[in-house]
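Structure, as structure tokens:
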Amino acid sequence: MIPREELLKVYSSLPPGMQKTYLGKSIKKHIWKKELLAGDPLPHFKGIGLDGEPFDWSVVEGKRVLLIYEGWGWIKRSTHLWFKDLLAATDRDSLAVVAYVYANSEADLHQRVKAFQLEPYLVISDLKGKEGPLDKHLGVKGIPTYYYTDSQGRIRNIIAGFDSQMFTYYTGLSPQWGENLTE
């Protein structure tokens, strides 16, 4: 995917007449969409961790990040186990798995983390329930949604729903061999 900044350069370099064509308007619309796109930086939105303190995004700096955005009630038990096996097979120094959880309070957050057995993950919630940062403001189209970044924090893939073979194909991540170490 072409990062938004590159598309903006291309659009800006077009003659004014070409910017008004269907193609020019399509590029402009794509550039200014609010939803996250491959190539965009993963936003470091405000939230708290399980300790009740502000989530410290510096713990993921220099690592690939897999942000699992909600859907915990919809994810099958076998999928939960798949991700736990992936976590066990992966070097924590190069991959961070962050679980975003809908919650309305700290007590609700802890209850959901326990109910869905999310303890192995880095957990973040903004305590806004379904009015969260990505759902409403950045165009999440379904839950769960998986955001996979490179080590510079740029989104490589956005995957809605879960199919283990397709997930491995798009991300290179698998419990059988951990992560594919090529960027």
Side-chain angles (χ1 to χ4, degrees), residues 1 3-4 33-51 53-61 63-87 90 92 94-106 108-175 179:
M1 282 288 206
R4 202 179 305 247
K33 277 184 177 180
K34 283 185 124 181
E35 70 185 72
L36 290 172
L37 303 170
D40 288 345
L42 182 68
H44 290 183
F45 50 89
K46 292 181 181 179
I48 66 162
L50 285 177
D51 58 2
E53 297 295 320
F55 185 81
D56 182 8
W57 284 97
S58 70
V59 300
V60 301
E61 285 179 14
K63 299 178 184 182
R64 293 184 211 190
V65 174
L66 175 60
L67 171 65
I68 304 173
Y69 190 79
E70 219 355 284
W72 303 108
W74 296 97
I75 296 174
K76 295 178 190 175
R77 175 96 177 115
S78 60
T79 303
H80 278 290
L81 295 173
W82 193 92
F83 278 106
K84 287 184 180 185
D85 290 345
L86 171 67
L87 202 56
T90 305
R92 297 278 183 17
S94 63
L95 178 72
V97 180
V98 179
Y100 175 82
V101 179
Y102 286 151
N104 294 306
S105 66
E106 283 188 55
D108 185 27
L109 172 62
H110 285 280
Q111 179 182 12
R112 292 176 58 81
V113 166
K114 184 176 180 180
F116 297 119
Q117 301 175 352
L118 304 178
E119 291 84 3
Y121 309 120
L122 296 170
V123 174
I124 183 172
S125 180
D126 59 2
L127 305 182
K128 294 181 180 179
K130 293 186 179 179
E131 300 297 316
L134 299 176
D135 230 27
K136 189 167 188 149
H137 303 292
L138 299 173
V140 169
K141 292 183 174 42
I143 54 173
T145 298
Y146 306 90
Y147 297 86
Y148 181 56
T149 75
D150 61 22
S151 59
Q152 287 78 43
R154 295 217 169 265
I155 297 171
R156 290 179 69 180
N157 300 94
I158 301 170
I159 304 162
F162 183 77
D163 172 280
S164 62
Q165 291 178 333
M166 292 307 292
F167 188 88
T168 298
Y169 174 77
Y170 284 116
T171 65
L173 299 172
S174 168
E179 63 181 321

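As a basis for the values below, the full set of heavy atoms in this structure was taken, side chains included, without hydrogen atoms, waters or symmetry mates.
Residue Tyr146 is tested with Phe83, Tyr170, Tyr69, Trp82 for a ring-ring contact (aromatic ring centres under 6.0 Å, His included); the sole match is Phe83. Of the residues listed (Leu50, Asn104, Ile124), the one engaging Leu109 in a side-chain contact (heavy atoms from CB on, under 4.5 Å) is Leu50, and it is the only one. Between Tyr147 and the choices Leu36, Val98, Leu66, the side-chain contact (heavy atoms from CB on, under 4.5 Å) rule is met once, by Leu36.
In terms of heavy-atom proximity, Leu173 sits nearest to Thr168 at O-OG1, 2.8 Å. Across every non-hydrogen atom of Lys63 and Ala96, the tightest pair is CD-CB, 4.2 Å. Closest heavy-atom contact between Val101 and Ser125: O-OG, 2.8 Å. Taking all atoms of both residues into account, the shortest heavy-atom contact from Val123 to Val113 is CG1-CG2, 3.8 Å.
In this structure, the side-chain contact (heavy atoms from CB on, under 4.5 Å) partners of Lys76, at least two apart in sequence or on a different chain, are Ser78, Thr79. Under the side-chain contact (heavy atoms from CB on, under 4.5 Å) criterion, Phe116 pairs with Trp72, His80, Arg112, Leu118, sequence neighbours left out. Residues forming a side-chain hydrogen bond (donor to acceptor under 3.5 Å, both in side chains) with Glu106 (at least two apart in sequence, or on another chain): none. Under the rule for a side-chain hydrogen bond (donor to acceptor under 3.5 Å, both in side chains), Asp85 has no partner lying at least two apart in sequence or in another chain. Contacts of Gln111 classified as side-chain contact (heavy atoms from CB on, under 4.5 Å), with partners at least two apart in sequence or in another chain: Asp108. With sequence neighbours excluded, the residues that form a ring pair (Phe, Tyr, Trp, His ring centres under 6.0 Å) with His44 are Trp57. Listed by chain and number, the residues in a side-chain contact (heavy atoms from CB on, under 4.5 Å) with Ser58 are Asp56, Glu61 (sequence neighbours excluded).
For the residue pair Asp126 / Tyr100, a side-chain donor-acceptor distance below 3.5 Å is found, with atom types taken as modelled. Arg64 and Gln152 share no donor-acceptor pair across their side chains, judged by distance under 3.5 Å alone.
Summarising the geometry, atom CZ belonging to Phe162 is positioned 9.0 Å from atom CD1 belonging to Ile68; distances are rounded to the nearest 0.5 Å. To the nearest 0.5 Å, the span separating CD1 on Ile158 from OG1 on Thr149 amounts to 11.5 Å. Atom CG of residue Asp150 and atom CD1 of residue Ile155 lie 10.0 Å apart, to the nearest 0.5 angstrom. With rounding to the nearest 0.5 Å, the separation of CG in Asp163 from OH in Tyr169 is 13.0 Å.
The side-chain heavy atoms of Phe167 and Ile159, taken from C-beta on, include a pair separated by under 4.5 Å.
For the pair Glu70 (side chain) and Tyr102 (backbone), a donor-acceptor distance under 3.5 Å is present.
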